[in-house]
Amino acid sequence: MIFMGGIAVWTYKKRKNFNYKFGLYTGNEAFGFYITPLLGIYYISPDSRFEISALLPGLFDMNFGVSSKTRLGIDYKGNSETFKIKNDNALTAYSENNSLEFSSYVQNNSLDKNLLLRLKIGHSTNSYDLYAVNDKIDLSITPFKFGNHRTKLNSELDYSPFLKVEAIYRFPISKKQCRKSFSIINNQNSFYNLV
């Protein structure tokens, strides 16, 4: 079985520096069908020092420019995915990974304006729950799981602090190129993230 999903996001541009996002993320995982409503916002102050970018329930980033090359920020990343587990070439179980990361960071782009280097410190709440392959739920509408009578086959994992270094390259794409090829959600200075 292949686990697939799809996303649709509608962006309402209120002003040049402020927009709302509404959407839906849906698909199937090993536990069954799920639906995740999405709500987002993007705002950058007129002087570009303060920025908020969010697409909840999965992503949130808020940062403040302390200089032209350095920003301080906080962020949150939530992720949920499942993995098939085979034993003796037979599908016997699946793992459901639910990961929540809360962190603060220092970001610098002194090497290149498109290359963001981040030093992050934070707290991660990973859970890798193991279930029998036939143990399903009726429906998941994030964060609720209906008909969830599954039996977990493993014990709880501890939460942990983390220290992480990230490098993010932002490809410069002009607004003219975006209009010609396809629609991309607008971001600061027409840069787009590849994480």
Side-chain angles (χ1 to χ4, degrees), residues 3-29 33-81 98-120 122 124-125 139-144 164-195:
F3 305 134
M4 296 181 63
I7 187 170
V9 177
W10 175 74
T11 301
Y12 173 68
K13 192 172 188 177
K14 183 85 171 159
R15 293 189 298 273
K16 182 180 177 182
N17 64 335
F18 180 58
N19 65 48
Y20 300 104
K21 298 174 186 118
F22 304 95
L24 196 64
Y25 180 59
T26 184
N28 69 317
E29 290 285 345
F33 186 74
Y34 67 92
I35 299 170
T36 303
L38 304 171
L39 180 62
I41 187 171
Y42 177 79
Y43 171 78
I44 188 163
S45 63
D47 63 1
S48 297
R49 289 179 54 109
F50 179 71
E51 180 182 29
I52 295 176
S53 180
L55 189 58
L56 299 173
L59 301 168
F60 176 83
D61 182 280
M62 182 171 62
N63 60 71
F64 182 77
V66 294
S67 74
S68 63
K69 305 253 182 223
T70 304
R71 301 183 81 80
L72 300 176
I74 58 172
D75 72 357
Y76 156 79
K77 291 181 182 174
N79 184 40
S80 180
E81 56 195 349
N98 294 301
S99 174
L100 304 175
E101 289 185 359
F102 303 90
S103 63
S104 56
Y105 64 86
V106 176
Q107 174 181 292
N108 188 277
N109 67 338
S110 294
L111 297 176
D112 183 293
K113 71 177 184 175
N114 297 351
L115 180 63
L116 310 177
L117 300 176
R118 285 186 181 171
L119 177 63
K120 298 173 93 172
S124 177
T125 61
L139 175 67
S140 174
I141 301 177
T142 304
F144 307 104
K164 185 189 294 190
V165 176
E166 290 181 347
I168 302 166
Y169 187 79
R170 289 183 163 179
F171 290 97
I173 300 174
S174 72
K175 290 182 182 179
K176 188 176 181 182
Q177 287 172 317
C178 288
R179 281 189 217 111
K180 285 182 180 178
S181 58
F182 54 91
S183 176
I184 297 177
I185 298 172
N186 194 11
N187 201 344
Q188 176 187 3
N189 299 325
S190 297
F191 288 109
Y192 300 91
N193 293 334
L194 175 68
V195 180

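Throughout, numbering of the chain's residues begins at 1 and tracks the sequence.
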CZ/Arg118 to CD1/Ile168 distance, rounded to the nearest 0.5 angstrom?
4.0 Å
Whether the side chain of Tyr25 engages the backbone of Tyr34 through a donor-acceptor N/O pair (distance < 3.5 Å, no angle test) should be reported.
no
Looking at every heavy atom in both Ser45 and Asn17, which two are closest together, and how far apart are they?
C-ND2, 4.3 Å
Search all heavy atoms of Leu55 against all heavy atoms of Lys21 and return the closest pair with its distance.
CD1-CB, 4.2 Å
Other residues, nucleotides, ligands: >12 heavy atoms within 6.0 Å of Lys14 NZ:
no
What closest approach, in Å, do Ile141 and Pro37 show between heavy atoms, and which atom pair accounts for it?
CG2-CD, 4.4 Å
Once the angle between the rings of Tyr12 and Tyr20 is folded into 0 to 90°, is it parallel (under 30°), tilted (30 to 60°) or perpendicular (over 60°)?
parallel
Got a second to check how far Phe50's CZ is from Met62's CE, nearest 0.5 Å?
5.5 Å
For Phe64, all residues meeting ring-ring contact (aromatic ring centres under 6.0 Å, His included), sequence neighbours excluded:
none
Whether Phe22 and Trp10 hold their rings parallel, tilted or perpendicular, with breakpoints at 30° and 60°:
parallel
Here the gap from Arg71 atom CZ to Asn108 atom CG, rounded to the nearest 0.5 Å, amounts to 11.5 Å
List the steps, then state whether side-chain contact (heavy atoms from CB on, under 4.5 Å) holds for Lys77 with Leu59.
CA-CA 5 Å; Lys77 291 181 182 174; Leu59 301 168; 3.9 Å; yes
Are the side chains of Leu38 and Thr36 in contact, using a 4.5 Å heavy-atom criterion?
yes
Hey, could you give me the CD1/NZ distance between Ile44 and Lys16, rounded to the nearest 0.5 Å?
10.5 Å
Considering non-hydrogen atoms only, spot the tightest contact between Lys120 and Asp75 and give its length.
NZ-OD2, 2.7 Å
Decide yes or no for Phe60 and Ile52: does some side-chain heavy atom of the first lie under 4.5 Å from some side-chain heavy atom of the second?
yes
Going through the checks in order, is the side-chain contact (heavy atoms from CB on, under 4.5 Å) test met by Leu24 and Ile35?
CA-CA 7 Å; Leu24 196 64; Ile35 299 170; 3.4 Å; yes
Residue pair Ser53 / Ile41, side-chain heavy-atom distance below 4.5 Å:
no
Which heavy atom of Glu101 sits nearest to which heavy atom of Ser124, and what is that distance?
CG-OG, 4.0 Å
How long is the straight-line distance from CG of Leu116 back to OH of Tyr105, given to the nearest 0.5 Å?
9.0 Å
Please find the pair of heavy atoms, one from Thr26 and one from Phe33, that lie closest to each other, and give the distance.
OG1-CZ, 3.0 Å
Is any side-chain heavy atom of Val106 closer than 4.5 Å to one of Thr70?
yes
Hey, what's the ring geometry for Phe171 with Tyr169, parallel, tilted or perpendicular (30° and 60° as the breaks)?
perpendicular
To the nearest 0.5 angstrom, please state how far the CZ atom of Arg170 sits from the CG atom of Leu115.
11.0 Å
